[in-house]
Q: 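Can you read through this structure? Questions will come right after.
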There are 2 protein chains.
Amino acid sequence: MRTEDLPTVRALDLFAAMSDESFADLMQGAFFQRFPPQVMLIEEGDTADFLYVVVEGMVEMIAQGNERETTIAVMEPVSTFILAAVLRDAVYLMSARTLERSRLLMIPAESIREAMERDPAFTRAMVRELAGAFRGVIKSLKSQKLRSAVERLANWLLVAHDDQGANGTVTLGIDKRTLAALLGMTPENLSRAFGTLRGYGIEVAGREIVLSRPDDLRGLAKSNPLIDDRET
Amino acid sequence: MRTEDLPTVRALDLFAAMSDESFADLMQGAFFQRFPPQVMLIEEGDTADFLYVVVEGMVEMIAQGNERETTIAVMEPVSTFILAAVLRDAVYLMSARTLERSRLLMIPAESIREAMERDPAFTRAMVRELAGAFRGVIKSLKSQKLRSAVERLANWLLVAHDDQGANGTVTLGIDKRTLAALLGMTPENLSRAFGTLRGYGIEVAGREIVLSRPDDLRGLAKSNPLIDDRET
DNA sequence: CGGTCGGTTGAAGCTAATCAATTAGAGTGG
DNA sequence: CCACTCTAATTGATTAGCTTCAACCGACCG
């Protein structure tokens, strides 16, 4: 196993507070694995055997049903996914698929549960992590239930704009169909939503978006920190 | 403080595993309080001062924004709410309002955080609780993004039917406007959705619903355990 | 008995999904 | 470098689902 990334993993909030021994134990059964793009890592309904950490690349969390499929979240380095299923020793509620060539750290679920038994600091970090994740989903649900498609897009753009330095441009890190699924709409509707935003100073050229009048956009978006602010 | 309900609280998964001392400490600063119906207990944006336990009555969790309001969940005895905000020492993401005359146990947020520092068994119970809550919201989000309004209602009815003994009838514990908000639709649309379900053996008389052909309903609902099953 | 409130019904409009066709772009191989 | 291919994205036309507004009904309550 390549160890040069271990410090990065160790630095995650989830692992930072735990003791050196606990961390060593945890990494005992863990391993890195590379995956090509568009690989299904897990399928909803599978039993939770591993906790995943995205070290490089990008992973899409997907929900299926009703002959449809929607994107719940997109995970970027360095973050974990399907923690809740692992902790409950339950079945995954979401599938995961790589969006790009990715490198993942896979930690056996059993190791996680054992570490929790032994290391209270780790357990507490887990509580913080889960509470944050919970709040994240609540925000998604609020966005979905309280906003129109155009509003969701506008707010997503404003958040991305801030993340990327608020210099008047946004570069999409994912393709538009994935963005559409994430925002809960069809690709066609996303395209039209971008069209609507043209009236608010948005120019789209492939994956490059220009926000020429952010304040106009904010007027439309009616951003709400209780939906849009990232958990700290 | 009335102590006759403490055993009930103690029996909750969240509190069952903790030590007697920890529990005593936790209850030290806690108190019961009665509220009339339709009282706003907390408003989203407030800082999290208390963890609430619904001991009697019913409480609605609400999200606001965009001059709208939607119901995220309805809490019944005996369960806790706004745990995540308390743990993160953050601001509430949801408001809470009593639906009926209710009695709540209020535990100071600080006590919860202290108990977590001292009692690892409590912290682990917290992890389980939060993981379960997380999975619950994911299910709501899936339902919202993958199903139509009629399908959401059909599945909600089937779950309620099971909960109430699967004897062919369901009694609504909440009024229809609240149910509509919970399912993410308008009251008018809920009314029409019930109308549609008449074709599947559903008869509605006030709060009494008869499911004369549950299998028909199941055919329409296309239930999915990964959305509809309760966390154990 | 009148009033209020929750629920229902009808009509109209709007948002978003669907279906179909076209265009744009990225990558491939000659 | 250019044609060729494949997929992503856009655009147009239509339909479906849901919301909105308004009127109405019926139960419960003072």
Side-chain angles (χ1 to χ4, degrees), chain A residues 36-38 58 60 65-71 97 99-101 143-156 170-199 202-209 220-222, chain B residues 37-38 58 60 65-71 97 99-100 143-156 170-199 202-209 220-222:
Chain A
Q38 300 301 328
M58 209 150 48
E60 184 185 11
N66 246 342
E67 288 116 56
R68 296 147 157 274
E69 140 171 348
T70 189
T71 301
R97 186 202 291 141
L99 283 172
E100 322 172 329
R101 183 169 158 72
S143 176
Q144 195 65 37
K145 288 183 82 172
L146 294 170
R147 287 175 171 163
S148 71
V150 174
E151 289 168 343
R152 291 197 297 276
L153 173 59
N155 280 292
W156 187 90
V170 167
T171 305
L172 302 183
I174 55 183
D175 61 23
K176 291 194 184 124
R177 46 188 313 108
T178 309
L179 178 58
L182 183 63
L183 295 176
M185 51 178 133
T186 58
E188 293 94 326
N189 197 30
L190 175 64
S191 200
R192 290 184 239 272
F194 272 122
T196 304
L197 293 187
R198 230 174 275 134
I202 298 296
E203 296 145 45
V204 181
R207 289 194 171 194
E208 298 300 317
I209 319 274
L220 171 76
K222 285 161 282 170
Chain B
Q38 300 300 328
M58 211 152 46
E60 184 185 11
N66 247 342
E67 289 116 55
R68 296 148 156 273
E69 143 171 345
T70 189
T71 301
R97 187 203 289 139
L99 283 173
E100 322 172 330
S143 175
Q144 195 65 39
K145 289 182 82 172
L146 293 171
R147 303 217 258 230
S148 70
V150 174
E151 288 168 344
R152 291 197 297 276
L153 174 58
N155 280 292
W156 187 91
V170 167
T171 305
L172 303 182
I174 55 182
D175 60 23
K176 289 191 184 130
R177 45 185 317 107
T178 308
L179 178 58
L182 183 64
L183 295 177
M185 52 179 133
T186 58
E188 293 95 325
N189 197 29
L190 174 64
S191 201
R192 290 185 240 272
F194 271 123
T196 304
L197 293 187
R198 228 173 277 134
I202 298 296
E203 295 144 45
V204 181
R207 289 195 170 192
E208 298 301 317
I209 320 274
L220 170 76
K222 286 162 281 171

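Since the model is a prediction, treat every value here as computed from it, not as a measurement. Convention: sequence-line order gives letters A, B, ...; per-chain numbering from 1.
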Q: Without decimals, in angstroms, what is the distance between D175(A) CG and dA26(C) C1'?
A: 13 Å
Q: Quick one: list whatever passes side-chain contact (heavy atoms from CB on, under 4.5 Å) with T178(B), sequence neighbours left out.
A: E60(B), T71(B), V74(B), L99(B), I174(B), D175(B)
Q: Working to the nearest 0.5 angstrom, can you tell me the gap between L153(A) CG and I202(A) CD1?
A: 8.0 Å
Q: Please check if the side chain of K222(A) supplies one atom and the backbone of N155(A) the other of a donor-acceptor pair under 3.5 Å.
A: no
Q: Going by the rule side chain to side chain donor-acceptor pair (under 3.5 Å), which residues pair with E100(A) if we only count those two or more places apart in sequence or in a different chain?
A: none
Q: Just jot down the side chain to side chain donor-acceptor pair (under 3.5 Å) partners of K145(B), sequence neighbours excluded, or say none.
A: T70(A)
Q: Can you pull out every side chain to side chain donor-acceptor pair (under 3.5 Å) where at least one residue sits in residues 185-194 of chain B? Sequence neighbours excluded, please.
A: none
Q: Between the two end axes of the helix from dC1(C)-dG30(D) to dG30(C)-dC1(D), each built from 5 base pairs, what angle do you get to the nearest 10°?
A: 30°
Q: Could you state the atom-to-atom distance from CG of L172(B) to C1' of dG6(C) in whole Å?
A: 13 Å
Q: Return the value, rounded to whole Å, for the distance between atom CG of L190(B) and atom P of dG7(C).
A: 9 Å
Q: First contact, last contact: which nucleotides of DNA chain D are these for chain A, 5' to 3', heavy-atom distance under 4.0 Å?
A: dA9(D) to dA13(D)
Q: If you count the non-hydrogen atoms of other residues, nucleotides and ligands that lie under 6.0 Å from CZ in R207(B), is the total more than 12?
A: yes
Q: Just jot down the side-chain contact (heavy atoms from CB on, under 4.5 Å) partners of E208(B), sequence neighbours excluded, or say none.
A: T171(B)
Q: dA16(C) P sits how many Å from Q144(A) CD, rounded?
A: 10 Å
Q: So, R152(A) side chain and R147(A) main chain: donor-acceptor pair closer than 3.5 Å or not?
A: yes
Q: Name all residues meeting the side chain to side chain donor-acceptor pair (under 3.5 Å) criterion together with E69(B); count only those two or more places apart in sequence or in a different chain, and write none if there are none.
A: R97(B)
Q: Nearest 0.5 Å, what's the CG-CH2 distance between L182(B) and W156(B)?
A: 7.5 Å
Q: Would you jot down, in residue-number order, the residues of residues 176-183 of chain B having a non-hydrogen atom under 4.0 Å from DNA chain D?
A: none
Q: Between dG25(C) atom C1' and E208(A) atom CD, what is the distance in whole Å?
A: 15 Å
Q: Round to a whole Å and report the spacing from CG of N66(A) to P of dT18(C).
A: 11 Å
Q: Taking any heavy-atom pair under 4.0 Å as a contact, classify R68(A): base, sugar-phosphate, or nothing.
A: sugar-phosphate
Q: Looking at residues at least two apart in the chain, or sitting in another chain, which of them share a side-chain contact (heavy atoms from CB on, under 4.5 Å) with S148(A)?
A: V150(A), E151(A)
Q: Please produce a list of atom pairs where a protein N or O lies less than 3.5 Å from an N or O of nucleotides 9-13 of chain C.
A:
| from | atom 1 | to | atom 2 | distance (Å) |
| --- | --- | --- | --- | --- |
| dG10(C) | N7 | R192(B) | NH1 | 3.0 |
| dG10(C) | O6 | R192(B) | NH2 | 3.1 |
| dA11(C) | N6 | R192(B) | NH2 | 3.3 |

Q: Q38(B): which residues meet the side chain to side chain donor-acceptor pair (under 3.5 Å) condition with it, sequence neighbours left out?
A: none
